[in-house]
Amino acid sequence: MAQTYDHQAVESKWQSHWEQTGLFQIKEDATTPKYYCLEMFPYPSGRIHMGHVRVYAIGDVVARYKTMRGFHVLHPMGWDAFGLPAENAAIEKGVHPNVWTQENVAYMKQQLRRMGLSYDWDREVNTSQPDYYRWSQWIFLKMVDRGLAYRKRSAVNWCPSCETVLANEQVLAHEGKDGGVCWRCESVVIQKELEQWFFRITQYAQELLDGCDQLTSWPARVLAMQRHWIGRSEGVEIDFPVVDAREDVTAIRIFTTRPDTIHGATFMSLAPESPLVEQLIAGRPEADAVRQFVARVSRLDKATRTAADREKEGVFTGAYAINPFTQEHIPIWVANFVLYEYGTGAIMAVPAHDQRDFEFANQYTIPIRLVIQNPEGTLVPDALEAAYEAQVEAGALVNSGTFSGRSVSDGKQAIGEHVETQGWGKRTVNFRLRDWGMARQRYWGTPIPMLYCDQCGIVSVPEDQLPVLLPEDVPFTGKGGSPLKDSPSFAKVTCPTCGGTARRESDTMDTFVDSSWYFLRYCSPKDTQQPVNPDAAKHWMAVDQYVGGIEHAVLHLLYARFFTKVLRDLGLTTVDEPFVHLLTQGMVTKETYWCEEHRWVLPSDTKKVDGQRLCTQCERVIVIGRTEKMSKSKKNIASPEELCDRYGADTARLFSLFAAPPEKDLEWSDTGVEGCSRFLHRVWRLVQEQRAVFEEVQSTSGSASTALLVAVQRATHQTIQKVTHDLDRDFQFNTAIASLMELVNQLYKLMKDSPLEGLSVDERAGWRSAIECLLLLLGPFAPHIAEELWEMTGHATSIARQPWPVFNPDLVVSDEWTIPIQVNGKLRSKIIVQAGTTKDQIIATAQGDDKLQEWLQGKTARKVIYVEQKMVNFVI
RNA sequence: GCGAGAGUGGCGGAAUGGCAGACGCGCAAGAUUUAGGAUCUUGUGGGUAACCGUGGGGGUUCAAGUCCCCCCUCUCGCACCA
């Protein structure tokens, strides 16, 4: 009995069914291999968007596929639920952040459910709830114990809009804005001098760098970004004695990666923030000018000041240092491009061989001395147009005393050694990576479990007093400062050490702390003794496949790698790296519509008249704008809910997997969605029409006997082979789905060519197994319709628990070969031969081909190339 | 500037060095329908043709979208890191 495809009914039926039967709940199982499939958990902003649909569709196909391949799959979901929007909602609407967050979680959970995702909801985590954040606090305390969390005073990035400190990773470049901007609100970030909590991520810098080599299944560009962010460089620290040294500053220590050029150091430069500056200038006539310069430079935010194209500026301190290699007295300058945080905050300046020093020296007419000559020997000291920054073997040392004549690499080595034997300094390694400033002056975050006691100083909250709960009695005013300061119940506390009065830390943790270890919590989400049960972690870790956006290439992924190493050192997990494979999916984009009168407009506010698109309000012609990431402001949003209402979750999933390879941007197309919907309807109808034919027979996998059977089985098994191959190799969902479409097209053709009446039992059985294979292959992509049709064709157990079909190589091969014939590499003809025909026979047949003879024009081929089953090429 | 990636029909995109353009969209014709929509079938890189076609130019090869060299364009990331 044929039925029409009612996606609403089918989808809600199976969603309830999966839930009621607990189909996706997973336990550790020693009998089958494990697979941990994880997508980056969402921030509960209110509703899911197409980006969510895409990433979760990708993860769900992986999880379902791996399950069918015989793995027991951990596929959890949770909420990255702390963050500023909840607090802003509290300020604007008077809703408590917790209420706002929990409502959003409930709503979005129901939306995710509608997508038919195979999550084990029993493992759900929510970072904003005490049963989670107590363990973030616990980890923090362990890090304090190990010196990995500490307080220091320093210049920090401050977002004036969010009124909080930001980590370096959270300050981003922004087109059209002078300086770095906040990763969340895009306000220009300023510098503030504050005492703050930091994580000593730099202690793991080398390991984080080395670990990149293990991550062979990560996208190259993510690794490149991580390596660059860590920024290791090898060099030498060298003391330059100060002339007429005063007691407090006898030498200036510099860091250089080019010790080979030291004989060319004709001046020094200090960072404006360096305390050495004040010590050197005190009492000198230059002091005022220097102070003015320093004040002017430090007013600028860091990003502006350090822009590469910024003019080199500086001021002479009046002091001199001694180049230890030449004994020359060289002037000490303060320069705007020297960074206090990098190296020692002081450099030796070699204008001949460093572009910045070159520009600086030209500006202030400081001598330039050539100490590396190029291999051709053509460099003339007085005629340099740019610094000669030759590396490694390219040049040779000149004007360098006993070191002259050495190669660059040789010179580096020799001078480095000389510095050490003379006791002038040491060879060392420098990193660009800075410690992670992780305290935030906000309410809706994990409270930092520390106290300030008048007697004992900084005190940890004892472990048995965790969690430090967020207080309820906090007014949300939107005014600056930490809201927790204003909670009387929270701030005042008794010191656990001396019993005196103490004040609680009122800062909360950066939300990136929460997401740095959630993947471990999923292993044992209900553990009440520790953040993660080491046995559970041993079973499940590492995450085999991680899926998420490229925007976290540095931030989240670097922090998560750091935390994994910390928790490993605490004995909670045994893995060094959390994520084995990483798939960074592209953005979901859509065309934008622009009306001169009404600016960005919704597609629904436009109409098509005579092939032109007009604004419905003002009748102006709509300009089709750039295809951009979906955003509310550009009004180029497609709504997952409308999509599910109209076409169903299966269509939404299918389209987001089919329209582009997963790592590329996906351009949303309403007609493309319809194409996918059409395909599912075709599948439905195919099965309905076939059902009557094979209802009473069992499927077969035996060798075929009739032409129809051969064709049906070949199409089916070729598709099994192709889909399996596409999924195993880099998850090429788009081509996998294309081959499923091809199979359906082929089966329709075969059905048309061989009417269903009068088929043999064998042929019916062949049809049955073809349809079953089709449904099994479709299952991970469009699970609801696959379940429904699976049930309709007489199966009692879920298709999600069936083994993945295996292709039979014997059934894939064809009984005849079509061999292209080329002349000089160009296709000129084709011949059809029986499968198994030998090379000589094929060449003979080809030579008998009329078209080929025309092309040969009586000549004999100089050479004949035959590629087994592929082609013949005659070279004349 | 440095790093990563990309450039193929009207569009999204396929092609272990071996038939370029799978699959889908769009478009066209036909069938069905009172009409529209929906559905189905067929066709669809360009050119009347010989032929020409994967950003441009060289090269390797019997054979290049694919490998090598040079160049151009675009996207993303980092940008004075001594």
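The sequence lines fix the lettering, A, B, ..., with proteins before strands; numbering per chain opens at 1. Source: prediction; values computed, not measured.
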| query | Any chance the side chains of A:D435 and A:T202 put a donor and an acceptor closer than 3.5 Å? | reply | yes
| query | Is any N or O donor-acceptor pair between the side chain of A:K870 and the base of B:U16 shorter than 3.5 Å? | reply | yes
| According to the Watson-Crick and G-U wobble definitions, with both distances under 3.5 Å, which nucleotide is paired to B:U75? | B:A4
| said: Need one value for A:N745: base, sugar-phosphate or nothing, where a base atom within 4.0 Å counts as base even if backbone is also close, heavy atoms only. | reply: sugar-phosphate
| request: Between B:U66 and B:G56, how far apart are the P atoms? Round to whole Å, please. | output: 11 Å
| field | Most 5' of A:A660 and A:V875 on RNA chain B, judged by nearest nucleotide | value | A:A660
| query | Should the pair A:E742-A:K722 be classified as a salt bridge under the 4.0 Å nitrogen-to-oxygen rule? | reply | no
| Can you list the residues that meet the side chain to side chain donor-acceptor pair (under 3.5 Å) rule with A:E674, with sequence neighbours excluded? | A:Y647
| message | Mind checking if A:R729 touches a base, just sugar-phosphate, or nothing, with heavy atoms under 4.0 Å? | response | nothing
| query | For RNA chain B, whose closest nucleotide is more 5', that of A:Q822 or that of A:G675? | reply | A:Q822
| request: Could you check A:T589 against A:D665 for side chain to side chain donor-acceptor pair (under 3.5 Å), going step by step and ending with a plain yes or no? | output: CA-CA 7 Å; A:T589 64; A:D665 284 355; 5.7 Å; no
| request: May I ask you to say what A:M225 touches in the nucleic acid, namely base, sugar-phosphate or nothing, with a heavy-atom cut-off under 4.0 Å? | output: sugar-phosphate
| request: Using Watson-Crick or G-U wobble geometry with both distances below 3.5 Å, tell me the partner of B:A15, or none. | output: none
| query | Applying a 3.5 Å limit to both distances, which nucleotide forms a Watson-Crick or G-U wobble pair with B:A35? | reply | none
| message | Pairing check on B:U44: which nucleotide meets the Watson-Crick or G-U wobble criteria with it, both distances under 3.5 Å? | response | B:G26
